[in-house]
Asks: 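Okay, here's the structure, questions in a sec.
Here the structure is a predicted model, which means the values were calculated and not measured. Start at 1 and go down the list; that is how both ligands and their atoms are numbered.
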Amino acid sequence: MGRLIVVSNRVSPPRDAGGGSQGGLAMALAAALREHSGVWFGWSGRTTEAYTGQVGVQRVGGVTVATLDLEDQDVQEYYNGYANKTLWPLFHHRIDLTAYERAYGEGYARVNARFAETVLPLIEPGDFVWVHDYHLIPLAQELRRRGVTNRIGFFLHIPWPARHMLTTLPRHAQLVEALFDYDLAGFQSEDSLEAFCDYVRHETPDGRVDGGRLSAFGRNLDVGAFPIGMDVAEFTAALEGATAREELERMQASLVGRQMIIGVDRLDYSKGLEERFLAYEQFLIDNPDQQEKVFLLQIATPSREDVEAYQEIRGRLDGVSGRINGAFATVDWVPIRYVNRSYRRDQLAGIYRAAKVGLVTPLRDGMNLVAKEYVAAQDPADPGVLILSRFAGAAEQMGEALIVNPFSREDVSDAIARGLAMPLNERRRRWEVLMEGLKATDVSAWRDRFVSALMAPEARPAP
Ligand code: GDG
């Protein structure tokens, strides 16, 4: 069996076995890499005056990690530019924020070529290559140009856009054609998979969809929905640790008899934070008896601060939260505790557990792991209620949550009222179903499903 080579924009190998601030995805990939004695390759996060193509290799937590430095212009055009100002907003249906600049496309192509030429010497015959996310869509094409015939898989962590959105992108067909140099492309949800098939059917001259096998541009591509899971075991262990317990006690002490609603997100316009604050304001207006009895704790970790749209959303959220607090606060109650910093993973576990309602209302999201973490953190004897946007990939799997339309303040307001008042037996019934689902489709199951589809594809009839 060949080795596994994982390629992603950044690498984040586990620093210690205990987890701490480490995410479940990094742990799961590291476990796969150890099992298949593989390599994790990506950008070091550092810039260099002049690109050299030199690869730094280290062993971290039992994993071989290989990294590449980029030039400042690469970071501006490829990472801040095409990845985060073009593809991210477009794939989240924000064409009003999408930059359609040729220089960004050129930087994206250049960096993908740089990734290909530097990872190339690490790939041996029989190895399997697993490429992650929108930063690296053309990587297989660049590797094929350099003679790589190994099986290469791609997983998209963000949603695939609707056809009419994607066709606003200059050279959209080139981007899709590049995906046909993979052997397998995985999406987060059936919805994203459908959107991709829809494009292939209608926008390619020879496109055909035959179950999980597509053909277009004279080539075949296997596709599937591989919804990512969380690391339930790691998170449960974190929840039982001293840090999570202390955090839970600290939160409980600060409740002073009030009920807490929790939101945890990267500070990103796709997460629907402004709409969430306004829906919560609507709830305070609709339910005056609830004022001073609840509060919303919103943790919003600053993200992509070099991109203007992120500076702008941060300013807007400061304004909206300040206005709502000014309008509703009393001498001993603030309706929104709005926090712009990050917490350790085990602290977050304790904070989630103290909340009666988890409010997860992205306008569009590939999956959304916060929804899953909130559920995993609950006390089985007295679980809280998850309110989840229908536009998160997670909604396909988490039907026992209260599913809402995040664009409708009234809908979200009603769900908050219902969640806070939900009787214990209903909360337990819903939570048990959700928790079963989390365990059955955790991050290891996701990884194993993808890796086995890549390594041992079923013999399929030619289309
Ligand atoms: C992309 C897709 C898809 C947040 N604040 C802190 C913190 N977090 C952690 C959460 C969670 C993760 O970050 C966020 O994951 P999401 O899935 O919610 O969202 P994205 O960052 O947009 O991720 C998404 C995901 O990829 C995986 O495929 O689900 O749809 O957009 O784990 O807990 N972690 C710590 N401190 C914080 O303050 N330690």
Side-chain angles (χ1 to χ4, degrees), residues 8-10 12 14-15 18-29 83-84 87-89 91-94 130 132-135 154-161 186-189 191-192 225-232 234-235 238-239 241 243-244 247 262-273 276 297-304 310 313 338-353 355 358-377 386 388-389 391-398 438 441-443 446-447 450:
S8 54
N9 173 54
R10 294 293 302 274
S12 58
R15 285 174 290 274
S21 64
Q22 197 64 47
L25 175 61
M27 304 284 267
L29 291 178
N84 287 332
L87 295 181
W88 177 275
F91 281 36
H92 289 88
H93 289 179
R94 291 297 303 269
W130 186 6
H132 287 261
D133 230 359
Y134 58 103
H135 315 82
F154 176 78
F155 183 75
L156 184 67
H157 289 258
I158 67 175
W160 185 266
F187 299 88
Q188 292 274 28
S189 61
D191 188 67
S192 282
F226 295 86
I228 197 167
M230 64 172 289
D231 192 335
V232 179
E234 172 258 346
F235 200 75
L239 194 60
T243 305
E247 205 58 42
I262 183 85
V264 175
D265 305 79
R266 271 187 314 100
L267 208 170
D268 192 298
Y269 49 80
S270 67
K271 303 295 181 185
L273 295 171
R276 186 180 306 167
L297 171 61
Q298 177 63 55
I299 297 174
T301 317
S303 174
R304 304 178 192 167
Y310 288 75
I313 182 69
Y338 176 47
V339 185
N340 289 136
R341 50 159 287 188
S342 67
Y343 288 86
R344 286 169 53 102
R345 198 166 162 73
D346 43 10
Q347 284 181 302
L348 274 188
I351 297 171
Y352 284 132
R353 192 172 176 108
L359 194 50
V360 183
T361 54
L363 306 181
R364 193 166 161 78
D365 216 331
M367 174 56 59
N368 196 297
L369 292 174
V370 169
K372 298 189 173 186
E373 291 163 7
Y374 174 74
V375 169
L386 175 66
L388 178 61
S389 163
F391 303 115
E396 282 185 8
Q397 296 174 300
M398 305 183 83
L438 291 191
T441 59
D442 74 349
V443 73
W446 165 78
R447 175 198 74 202
F450 190 93

Asks: Taking only heavy atoms of T301, which atoms of ligand 1 are found under 4.0 Å from at least one of them?
Replies: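 Taking each heavy atom of T301 in turn, ligand 1 has 5 (N), 6 (C), 37 (C), 38 (O) under 4.0 Å.
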Asks: Against ligand 1, does Y352 come closer than 4.0 Å with any heavy atom?
Replies: yes
Asks: Would you say R344 and ligand 1 have an N/O pair spaced under 3.5 Å apart?
Replies: no
Asks: Quick one: sort the H157 and F155 rings into parallel, tilted or perpendicular, breaks at 30° and 60°.
Replies: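 It falls in the perpendicular class, over 60°.
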Asks: Would you say N368 and ligand 1 have an N/O pair spaced under 3.5 Å apart?
Replies: yes
Asks: Step by step, would you call E234 with R345 a salt bridge (charged side-chain N to carboxylate O under 4.0 Å, His left out)?
Replies: CA-CA 10 Å; E234 172 258 346; R345 198 166 162 73; 3.0 Å; yes
Asks: I'd like to check whether G366 has a polar contact with ligand 1, where a contact means an N/O of the residue lying under 3.5 Å from an N/O of the ligand.
Replies: yes
Asks: Any atoms of ligand 1 less than 4.0 Å from a non-hydrogen atom of L348? List them with their elements.
Replies: 6 (C), 7 (C), 33 (O), 34 (N), 35 (C), 36 (N), 37 (C)
Asks: To which of Q347, K271, H157 does the heavy atom nearest atom 27 (C) of ligand 1 belong?
Replies: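 The residue whose heavy atom sits nearest atom 27 (C) of ligand 1 is H157.
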Asks: Quick one: does ligand 1 sit under 4.0 Å from the side chain of W88, the backbone, both or neither, non-hydrogen atoms only?
Replies: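 It is the side chain that gets close, since no backbone atom is under 4.0 Å.
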Asks: Which one holds for L25 and ligand 1: side chain close, backbone close, both close, or neither close, with close meaning a heavy atom under 4.0 Å?
Replies: neither
Asks: Let me see the working for M398 and K372 under side chain to side chain contact (heavy atoms under 4.5 Å, CB included), right down to the final yes or no.
Replies: CA-CA 9 Å; M398 305 183 83; K372 298 189 173 186; 3.9 Å; yes
Asks: May I ask you to check whether D365 has an N/O atom sitting below 3.5 Å from an N/O atom of ligand 1?
Replies: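 Yes, there is a polar N/O contact under 3.5 Å.
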Asks: Between I351 and I262, is the side chain to side chain contact (heavy atoms under 4.5 Å, CB included) condition met? List the steps.
Replies: CA-CA 8 Å; I351 297 171; I262 183 85; 3.6 Å; yes
Asks: Please assess L369 against L25 for the test side chain to side chain contact (heavy atoms under 4.5 Å, CB included), listing each intermediate value before the final yes or no.
Replies: CA-CA 10 Å; L369 292 174; L25 175 61; 5.7 Å; no
Asks: Can you list the atoms of ligand 1 that are under 4.0 Å from a heavy atom of V370?
Replies: 10 (C), 18 (O)
Asks: Does any N/O atom on L369 come nearer than 3.5 Å to any N/O atom on ligand 1?
Replies: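 Yes, L369 has an N/O under 3.5 Å of an N/O on ligand 1.
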Asks: Do any N or O atoms from the side chain of Y352 and from the backbone of A376 form a donor-acceptor pair under 3.5 angstrom?
Replies: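 A pair under 3.5 Å: no.
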Asks: Would you find a donor on one side and an acceptor on the other, under 3.5 Å apart, between the side chain of R276 and the backbone of K271?
Replies: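 Flag set: sc R276 to bb K271 pair under 3.5 Å.
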Asks: Just to be sure I read this right, does ligand 1 sit under 4.0 Å from the backbone of D265, its side chain, both, or neither, counting only heavy atoms?
Replies: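 No part of D265 is near ligand 1 at this cut-off.
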Asks: Using a strict 4.0 Å cut-off to heavy atoms of V264, name the atoms of ligand 1 that fall inside it.
Replies: 4 (C), 5 (N)
Asks: Would you say M230 touches ligand 1, if touching means a heavy atom closer than 4.0 Å?
Replies: no
Asks: May I ask you to decide if S303's main-chain N or O and R266's side chain share a donor-acceptor pair within less than 3.5 Å?
Replies: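 No, the answer is negative, given that no donor and acceptor are paired below the 3.5 Å cut-off.
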Asks: Would you please classify the geometry between the W446 ring and the W130 ring as parallel, tilted or perpendicular, with 30° and 60° separating the classes?
Replies: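 The rings of W130 and W446 sit tilted, inter-plane angle from 30° to 60°.
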Asks: Taking the minimum heavy-atom distance to atom 21 (O) of ligand 1, which of R345, R266, M367, E373 ranks first?
Replies: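 Looking at heavy atoms only, R266 sits closest to atom 21 (O) of ligand 1.
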Asks: Can you list the steps and then say if L29 with H132 is a side chain to side chain contact (heavy atoms under 4.5 Å, CB included)?
Replies: CA-CA 11 Å; L29 291 178; H132 287 261; 4.1 Å; yes
Asks: Between F187 and W160, how do the two ring planes meet: parallel, tilted or perpendicular, split at 30° and 60°?
Replies: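 Perpendicular.
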Asks: Using non-hydrogen atoms of the residue, decide whether Q188 is closer than 4.0 angstrom to ligand 1.
Replies: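 The answer is yes: ligand 1 sits under 4.0 Å from a heavy atom of Q188.
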Asks: Find all atoms of ligand 1 within a distance of less than 4.0 Å from any non-hydrogen atom belonging to I228, and give their numbers and elements.
Replies: 28 (O)
